[in-house]
Amino acid sequence: MKFSKSLIALAVGAAIAATSYAQAEDKIVVGFSQIGAESEWRTANTNDVMAAAERAGVELKFSDAQQKQENQIKAIRSFISQKVDIIGFVPIVETGWDNVLREAKRAKIPVVIMDRDLKTDPSLYTAKIGTDSVEEGRRAFRWIDEYVTKTERTPRNGGDKLNIVILEGTVGASAAVGRSKGFNEAFNTSPNKDKYNILASQTGDFTRQKGQEVMESFLKSYRDDIDILFAQNDDMALGAIQAIEAAGLKPAQDIIIVGADAVKGMFQAMIDGKANATIECNPLQGDLFFETCKKILAGEEVPKSVYVEEGVFDASNAAEVFPTRKY
Ligand code: GZL
């Protein structure tokens, strides 16, 4: 029996389509809602999630919410209607998730939280993989306190207290709320607390641009009264460094600069003598996330909440550590 070439091509095409569909059928389908691309840290987190999805052999449906909670809620609803196997998301703010998580539960789609924390009924999500922002805040103040003591730092304005200004992260974000909570807790329990005064604290929304703008306004109001900056992420610290230099002051010398995240840009600033320290917040959570998703779908028990490993880096070890940094 003779088959025409086009009939054979048709049969081959159909076989490939069936195979890829079969492969797709075997792949776990994960719907993931990411906050946006507001910082070096967030980009590293997104890149890691995508690379980890490849390594895990899962089908990733990825949505970028452009910094809007309503876009995250829309994406989660879309994942539910697409009947994905499991949903992951980074809650941009702590509250406002109850209804959409109830819809996922009704659809019997497990939810895994990554990075930031949220305030909701814990039965509405299966696991949380994140970063301990309260401990990061404690570490920031403790580093400042140790550095001030070691260098016998005195107030630039000749007064009796070292003035601290704070660039806070996104309003309502657990990373900002937690870092403020931890910083204030360490401050209030320090034997040296009377050495310090928190002069001003304002959100810079975790972005470099806003960090620069708010630092410019701090300098306009308090210039030579400012001794220390705690920026709740490195992007805001890097923006503030630009503002400090534009005001004719020396970052890391006139004003001590401590950030959070430990991104490459901050390592370079420490190596260049323009920043003093950064508290690590590890964005490389993808492998643990997909491993947890697979366990959940296989019916295995998983811990309700785990934190990734994090450290503290400063100008004394920045050059040595920099070549080993993965983000
Ligand atoms: C922290 C993370 C924060 C980073 C910022 O866990 O959610 O969001 O510190 C990022 O750089 O914008």
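Order of listing sets the numbers, starting from 1, for every ligand and every atom in it.
Of all protein heavy atoms, the one closest to atom 8 (O) of ligand 1 is R116 NH2, 2.8 Å. At the top of the distance list for atom 12 (O) of ligand 1, counting protein heavy atoms only, stands E38 OE2, 2.5 Å.
Shown here are the side-chain hydrogen bond (donor to acceptor under 3.5 Å, both in side chains) partners of E245, two or more places apart in sequence or in another chain: K274.
Polar contact with ligand 1: present for D261 (N/O pair, distance under 3.5 Å). Note: an N/O pair closer than 3.5 Å links S39 and ligand 1 by distance alone. Polar contact check, D115 against ligand 1: a nitrogen or oxygen pair lies under 3.5 Å apart.
Those atoms of ligand 1 with a heavy atom of A175 less than 4.0 angstrom away are 1 (C). Of all atoms in ligand 1, listed by their number and element, those nearer than 4.0 Å to a heavy atom of T131 are 6 (O). Against a heavy-atom cut-off of under 4.0 Å, C281 is close to the following atoms of ligand 1: 1 (C), 6 (O).
Under a 4.0 Å heavy-atom criterion, A260 is not in contact with ligand 1. Using a non-hydrogen distance threshold of 4.0 Å, D235 does not register as a contact of ligand 1. Ligand 1 has R179 within reach: a non-hydrogen atom of the residue lies less than 4.0 Å from it.
Under a 4.0 Å N-O distance rule, the pair K295/E291 qualifies as a salt bridge. Ion pairing between a basic and an acidic side chain is recognised when a charged N comes within 4.0 Å of a carboxylate O; R325 and E280 show such pairing. A salt bridge does not link D98 to K105: none of the charged nitrogens lies less than 4.0 Å from a carboxylate oxygen. Using a 4.0 Å cut-off between charged nitrogen and carboxylate oxygen, D115 and R42 count as a salt-bridge pair. Between E135 and R142 a salt bridge is recorded (basic side-chain N to carboxylate O distance below 4.0 Å).
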Assess whether side chain to side chain contact (heavy atoms under 4.5 Å, CB included) is satisfied between F89 and L118, documenting all intermediate values.
-> CA-CA 11 Å; F89 78 109; L118 75 175; 4.1 Å; yes

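Under the 4.5 Å side-chain criterion, counting only non-hydrogen atoms from C-beta, I76 is not in contact with E103.
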